[in-house]
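See below for the structure under consideration.
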Amino acid sequence: MSDVPAIRISDVSHAYASGSGRIDTLERVSLDVRRGELLCLIGPSGCGKSTLLNIIGGLVEPTTGFVEVDGARIDGPSPGRIAYVFQENTLFPWNTVLDNILVGLEFQGVPKAERGDRAREALATVGLSDFAGRYPHQLSGGMKQRASLARALSLGTDVLLMDEPFAALDEQTRMYLGEELSALLEETKKTIVLVTHSLSEAVFLSDRIVVMTARPAAIKSFIEVGEPHPRDPAFMASARYGETRNELYALLRVEVEKTIGGMVGAAARRERSKPGFAKP
Ligand SMILES: Nc1ncnc2c1ncn2[C@@H]1O[C@H](COP(=O)(O)OP(=O)(O)OP(=O)(O)O)[C@@H](O)[C@H]1O
Ligand SMILES: [Mg+2]
């Protein structure tokens with residue numbers, strides 16, 4: 001099985017039917033995700049990143065093309081093989097943290113006798129053992145995200161999909177959870193596909209970054225980061241980190257410009273004030 005990629009995305013295109021017309025979101029995306037790799041998807045807002053993650057997770061069907069996980073075709077949600085951490089908080093407010101995890105395990109069909117141990121182990125992994133009996137509203141934003149991560153980890157899948165999991169958090173919590181995720185990756189050898197709009201997060205966490213174009217999203221470029229996990233904050237001070245971040249921004253800037261519709265504000269004024277700028 002090891003010669004089969006963890007995830008194969010083969011020539012996937014997608015469009016949403018929308019009222020009178022259609023919204024093309026993905027254009028011929030082909031990509032193999034290696035086993036044990038953390039791969040980040042980054043691209044302008046609205047380009048189709050969540051749609052691609054939903055297609056991998058079997059929640060949205062591609063218009064053409066297909067996805068395989070461990071060599072088997074995805075044709076619907078597959079909680080036994082793929083765990084998902086959504087951007088928005090999806091914990092049930094009326095359940096404790098522990099019950100939120102137990103419900104997920106029940107849904108996956110895990111025998112009752114096993115559920116408690118698996119849930120407690122996952123809570124220990126994210127450092128929430130002492131909060132098992134709390135309700136989501138009694139947790140901070142960072143703790144809620146850790147609880148969601150614990151719920152996903154408890155499923156014991158080799159593949160983990162994460163859609164901007166830390167986006168709502170303050171920067172220091174976000175960095176700390178990033179370090180934890182990197183350590184977890186090294187320990188568990190999971191395959192993770194993570195959508196982010198943070199350049200720093202993408203460079204700090206990724207083995208490989210996939211830069212996507214403006215909608216309909218196609219793959220614009222791959223960036224190999226080439227730093228072993230677990231990653232240390234000192235990596236952020238290295239020349240390689242800075243160069244990779246600059247390279248990433250240069251690639252993304254063009255796509256963001258297409259999305260926003262040309263230069264606006266300060267960037268436009270700066271450009272116009274340059275000698276030789278032709279007035280329209
Ligand atoms: N269920 C839907 N029906 C119709 N159009 C949709 C649907 N979901 C998303 N879209 C549209 O498809 C496009 C891609 O959406 P998607 O959520 O995949 O983008 P994204 O790259 O994740 O954006 P963001 O960075 O803002 O999260 C957007 O133009 C969005 O408005
Ligand atoms: Mg999204």
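The residues of the chain are indexed from 1 along the displayed sequence. The basis for the numbers below is simple: all heavy atoms, side chains too, and nothing from hydrogens, waters or symmetry mates. Both counts, for ligands and for their atoms, begin at 1 and track the order of listing.
- The protein residues lying under 4.0 angstrom from ligand 1, judged by non-hydrogen atoms, are Y16, I23, T25, S45, G46, C47, G48, K49, S50, T51, E164, R215.
- Relative orientation of the Y16 and H14 rings is perpendicular, given thresholds of 30° and 60° on the angle between their planes.
- There is a side-chain donor-acceptor pair under 3.5 Å between R151 and T90.
- Salt-bridge formation is not detected for the pair R34/D32: no Lys NZ or Arg NE/NH1/NH2 atom is positioned less than 4.0 Å from an Asp or Glu carboxylate oxygen.
- Taking 2.8 Å as the criterion, S45 does not count as a coordinating residue of the Mg ion (ligand 2), since none of its N, O or S atoms falls below it.
- When each of T196, L181, L205 is paired with M162, the side-chain contact (heavy atoms from CB on, under 4.5 Å) condition holds for L181 and for no other.
- At a cut-off of 3.5 Å, with distance as the only test, a side-chain donor of R245 or S200 sits close to an acceptor on the other residue.
- By the 4.0 Å N-to-carboxylate-O rule, R28 lies close enough to D11 to be salt-bridged with it.
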